[in-house]
Amino acid sequence: MNNKKKSYLFYCFLLILFLLSILPIQAQETILEPRYLNKIVLCHDIEENEPVYESTSFYTWDEKVVCWINFNYSSGTDSAITWEWEDPNGNIYHKGDTEIEAGNYQNYRTWYWIGIRDKYALNLPGTWKARVYIDGLLLAEKDFTIR
C-alpha cells in the first residue's frame with residue numbers, strides 16, 4: 001500500500017473516531033425481571049403519577065433526575081422498593097427506598113429522584129446508572145448522563 005493510501009486511511013480513521021466522540025451515546029436499559037416490570041423511565045418530573053419530560057440526558061442546572069417505574073407484583077407481605085444511584089466513578093451515590101403494602105398490584109407506579117442543581121451530583125458529570133430492586137431482587141437498571 002502506498003503512502004497516499006495509508007494517509008487517506010489514517011485520516012478516515014481519525015474522522016470516524018471524532019464523530020463517535022461527539023455523537024450522543026445511546027443510553028442502556030436492562031430489564032432483568034420482565035415478569036414484574038412494565039416500564040422504567042428517567043424524566044425531569046412527575047405529573048398525575050406519570051413521567052414528564054422523559055430523557056436520559058440531564059444538565060448540572062436541572063433540578064433533579066427522576067426514576068419512575070410501572071410494575072405488576074403480588075405479595076402476601078409488605079415489600080420494599082429500593083433505588084440505587086451509581087455515579088460515573090462506579091460508587092453508590094445514593095440509596096433510597098419506599099415500602100408498599102402487601103397486595104396484588106397491576107400497573108403500580110412509583111418513583112424516586114436525586115437532586116442535581118445545588119447538590120453534589122452537579123460535580124460528577126458523566127454516565128450514571130439507576131437501579132431498581134423489589135425486596136432485593138434487581139428489576140432493572142438504566143443509564144443516564146449528567147452534563
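- Within 6.0 Å of atom CD in E47, 12 or fewer heavy atoms from other residues, nucleotides or ligands are found, so the atom counts as exposed in its surroundings.
- Pairs engaging residues 59-76 under the salt bridge (Lys or Arg N to Asp or Glu O under 4.0 Å) rule: D45-K64 [sequence neighbours left out].
- Among residue pairs with one or both ends in residues 73-83, none qualify as salt bridge (Lys or Arg N to Asp or Glu O under 4.0 Å); sequence neighbours excluded.
- Here the closest non-hydrogen pair linking C67 and W85 is CB-CH2, 3.6 Å.
- Here the CD1 atom belonging to I40 is positioned 12.0 Å from the CG atom belonging to N38, to the nearest 0.5 angstrom.
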When the side chains of residues 111-126 are checked against the rest of the protein, which donor-acceptor pairs come out under 3.5 Å, sequence neighbours left out?
{"unit_1": "Y112", "atom_1": "OH", "unit_2": "H94", "atom_2": "NE2", "d": "2.8"}
{"unit_1": "R117", "atom_1": "NH1", "unit_2": "W61", "atom_2": "O", "d": "3.3"}

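- Taking the six-membered ring for Trp and the full ring otherwise, W128 and Y93 have centroids separated by under 6.0 Å.
- Residues T56 and D143 form no side-chain contact, since every pair of their non-hydrogen atoms from C-beta on lies 4.5 Å or further apart.
- Evaluation of the ring pair (Phe, Tyr, Trp, His ring centres under 6.0 Å) rule for Y108 yields F71, Y105 as partners, not counting sequence neighbours.
- In this structure, H44 and F58 approach most closely via the heavy-atom pair CE1-CD2, 3.4 Å.
- Annotation: salt bridge (Lys or Arg N to Asp or Glu O under 4.0 Å) contacts involving residues 94-114, sequence neighbours excluded, comprise E50-R109, E84-K95.
- Under the 4.5 Å side-chain heavy-atom criterion for grouping Ile, Leu, Val, Met, Phe, Trp and Tyr, L138 is not connected to I92 through any hydrophobic cluster.
- The two residues W68 and N49 make their nearest non-hydrogen contact at NE1-O, 3.0 Å.
- To the nearest 0.5 Å, atoms CD1 (I69) and OG1 (T110) are separated by 6.5 Å.
- Contacts of S75 classified as side-chain contact (heavy atoms from CB on, under 4.5 Å), with partners at least two apart in sequence or in another chain: Y73, T77, S79.
- Residues N104 and S74 meet the side-chain proximity criterion, which asks for heavy atoms closer than 4.5 Å.
- The OG1 atom of T82 sits 10.0 Å away from the CG atom of L139 when rounded to the nearest 0.5 Å.
- For the atom pair I100 CD1 and I134 CD1, the distance stands at 5.5 Å (nearest 0.5 Å).
- No single ILVMFWY cluster, assembled from side-chain heavy atoms under 4.5 Å apart, contains both V66 and V52.
- For the atom pair CG of N89 and CG of D87, the computed distance is 4.5 Å after rounding to the nearest 0.5 Å.
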